[in-house]
Amino acid sequence: MSIQIPRGTQDILPGQVEKWQLIEKKARELCEKYQYHEIRTPIFEHTELFQRSVGDTTDIVQKEMYTFTDRGDRSITLRPEGTASTVRAYVEKKMFGNATQPVKLYYMGPMFRYERPQAGRFRQFVQFGVEALGSSDPAIDAEVISLAMSLYQELGLKKLKLVINSLGDKESRNAHREALIGHFQPRIGEFCSDCQSRLEKNPMRILDCKQDRNHELMQSAPSIIDYLNDESRSYFEKVQKYLTALDVEFEIDPNLVRGLDYYNHTAFEIMSNAEGFGAITTLCGGGRYNGLVEELGGPETPGIGFAMSIERCLAALEAEKVELPLSESIDCYLVSLGEEAKDYTVTLLHQLRKAGFSSERDYLDRKIKTQFKAADRHQAKFVAVLGDDELKANKINLKNMATGEQTEVDLPSFIETLSGFCK
Ligand code: HAM
């Protein structure tokens, strides 16, 4: 039996990969405009990093990590997300001492979660994410959110919904925590064993339990927004004010808690409400994590960021039937007739490429008609035809495929002439 691809992973083939490249390019361009700089961290880290940051009562850490013991007997985990590694690197490389503050970083790369594969949910997926470290100005919360929205909008998505919430500071969280314990404790026996063990350790996690989602106590659970102290409330109001100033529309969802433990204050998700997008509607998630740098051994430093997967972005584009502006055409295809001409196209092709033209020739000894078909398949803008006779006369025939116009060109000035036509 032949070996098949592992469940929840994908091969991205030519024809499809161009869409990925376009999204990645747009994301990089946007980061350049917003002044976020790329960071590349390892694909695997010490398991403890994710236990300490994402949190050991979360589904990600408890159920979804690809964890193994390496040959040196260390517990290693394939990264399930990018924030933990970014903050680890920030602390380890002492970026808090950088002259330029806040430190604004972005990453793009594969993440791994052992989840049940379905539409929009993979075991290996590519996240694009940004993290801004070192500022607790609510304007940066608005900047981060607007960067994410801008990317989707520039790609042509329209059916987007931004939901925001505040998870408050430590004091607000503690007050909410007590209220949650009081709410769930009397009937905790009706919940799954995970929720039962979360009650004391981290009752907020009960709110995003997939299994007990429809329990009646979920709907009536105390909402964090009612427990925000004055400082947290005022911070949240400023974020909203700045979002409005940036023309970013949003809804407040007091039940938005996010599935990772490091969040406080601002939490947000961007959803697609395109018809046919499927059951999982979240395109992007993020928020503020003011205690994380300290938790990972650095100085007290605020932080905020988001991550989105390219897979879900592509699914949303498909659901909204957005055609990405992909250019699949090449500049020039060389057609040859005769042995000497064929040999000559080897050098000519090299010269074309050196001069910056995307170009191709035949490698299968095909007849002239089939070579023309190949040129069509490459959507060549120009086809240059060289026969042994032309070669002897030091000429080449250049055809503009858009207009059908043909020109006989002196071979030595071929590239120059083509450059002129392409201008
Ligand atoms: P997250 O909500 O776990 O947050 O994931 C962020 C995004 O990654 C999701 O909105 C979705 O686009 C994508 N994603 C997650 N799991 C999968 C999957 N199995 N298949 C396809 N796409 C997936 C984080 O990861 C945080 N680190 C975000 C963040 C950055 N917060 C602050 N900074």
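Ligands are counted one by one from 1 in listed order, and the atoms in each one are counted from 1 as well. Sequence positions, counted from 1, serve as the residue numbers for this chain.
The Gly285 neighbourhood of ligand 1 comprises atoms 10 (O), 28 (C), 29 (C), with distances under 4.0 Å to a heavy atom of that residue. Against a heavy-atom cut-off of under 4.0 Å, Thr282 is close to the following atoms of ligand 1: 10 (O). Close approach to Gly286 involves these atoms of ligand 1, each under 4.0 Å from a residue heavy atom: 31 (N). The contact set between ligand 1 and Glu81, taken as ligand atoms under 4.0 Å from a residue heavy atom, comprises 25 (O), 26 (C), 27 (N).
Geometrically, ligand 1 and Glu311 share no nitrogen or oxygen pair separated by less than 3.5 Å. Looking at Tyr289 next to ligand 1, no N or O pair under 3.5 Å apart turns up. For a threshold of 3.5 Å applied to N or O pairs, the pair formed by Phe122 and ligand 1 contains at least one separation below that value. On a distance-only criterion, Tyr107 and ligand 1 share no N/O pair closer than 3.5 Å.
Under the side chain to side chain donor-acceptor pair (under 3.5 Å) test applied with Arg187, the options His183, Gln185, Glu190 reduce to a single match, Glu190.
Of the protein's non-hydrogen atoms, the one nearest atom 14 (N) of ligand 1 is Phe125 CE1, 3.5 Å. Residue, atom and distance of the protein heavy atom nearest to atom 31 (N) of ligand 1 are Tyr263 OH, 2.6 Å. Among protein heavy atoms, atom 30 (C) of ligand 1 sits closest to Thr83 OG1, 3.0 Å. Nearest to atom 12 (O) of ligand 1 among the protein's heavy atoms is Leu283 O, 2.8 Å. Nearest protein heavy-atom neighbour of atom 19 (N) of ligand 1: Glu115 OE2, 2.7 Å. In this structure, atom 22 (N) of ligand 1 lies nearest to the protein heavy atom Ser309 OG, 2.9 Å. Of the protein's heavy atoms, Arg312 NH1, 3.5 Å lies nearest to atom 11 (C) of ligand 1. Among protein heavy atoms, the minimum distance from atom 21 (C) of ligand 1 is reached at Gly120 O, 3.3 Å.
Counting non-hydrogen atoms of neighbouring residues, nucleotides and ligands closer than 6.0 angstrom, the CG atom of Asp230 reaches no more than 12 such neighbours. For Phe357, the CZ atom is densely surrounded, since the number of other residues' heavy atoms within 6.0 Å is greater than 12.
Counted by atom type alone, Tyr262 and Thr83 present one or more donor-acceptor pairs between their side chains at under 3.5 Å.
A salt bridge between Glu237 and Lys241 is absent, with no side-chain N of the basic residue lying under 4.0 Å from a carboxylate O of the acidic one. Salt-bridge annotation for Lys342 and Asp365: present, with a side-chain N of the basic residue lying under 4.0 Å from a carboxylate O of the acidic one. Here Asp59 does not pair with Arg205 in a salt bridge; the nearest charged N to carboxylate O distance is not below 4.0 Å. We find that Asp194 and Lys63 are joined by a salt bridge, their nearest charged nitrogen and carboxylate oxygen being less than 4.0 Å apart. Here Glu45 pairs with Arg88 in a salt bridge; the nearest charged N to carboxylate O distance falls below 4.0 Å.
The proximity of Tyr262 to ligand 1, defined as any non-hydrogen pair under 4.0 Å, is limited to the side chain. If you look at Glu131 next to ligand 1, the close heavy atoms, those under 4.0 Å, all belong to the side chain. With a 4.0 Å cut-off on non-hydrogen atoms, Gln127 touches ligand 1 through its side chain and not its backbone.
Ligand 1 has at least one atom lying under 4.0 Å from a heavy atom of Cys284. Look at Gly129 and you'll find every heavy atom at least 4.0 Å from all atoms of ligand 1.
For the salt bridge (charged side-chain N to carboxylate O under 4.0 Å, His left out) test, residues two or more places apart in sequence or in another chain that qualify with Glu360 are Arg353.
Pro14 and Val17 make their closest contact through CA-CG1, 4.0 Å (heavy atoms, listed as atom of the first residue, atom of the second, distance).
The side-chain tip of Arg79 does not point at the ring of Phe112 from less than 6.0 angstrom away and within 45° of straight on.
Summarising the contacts of atom 1 (P) of ligand 1 with Met308, Arg288, Arg258, the nearest heavy atom is found in Arg258.
Applying the salt bridge (charged side-chain N to carboxylate O under 4.0 Å, His left out) definition to pairs two or more places apart or across chains, those involving residues 142-151 are Lys104-Glu143.
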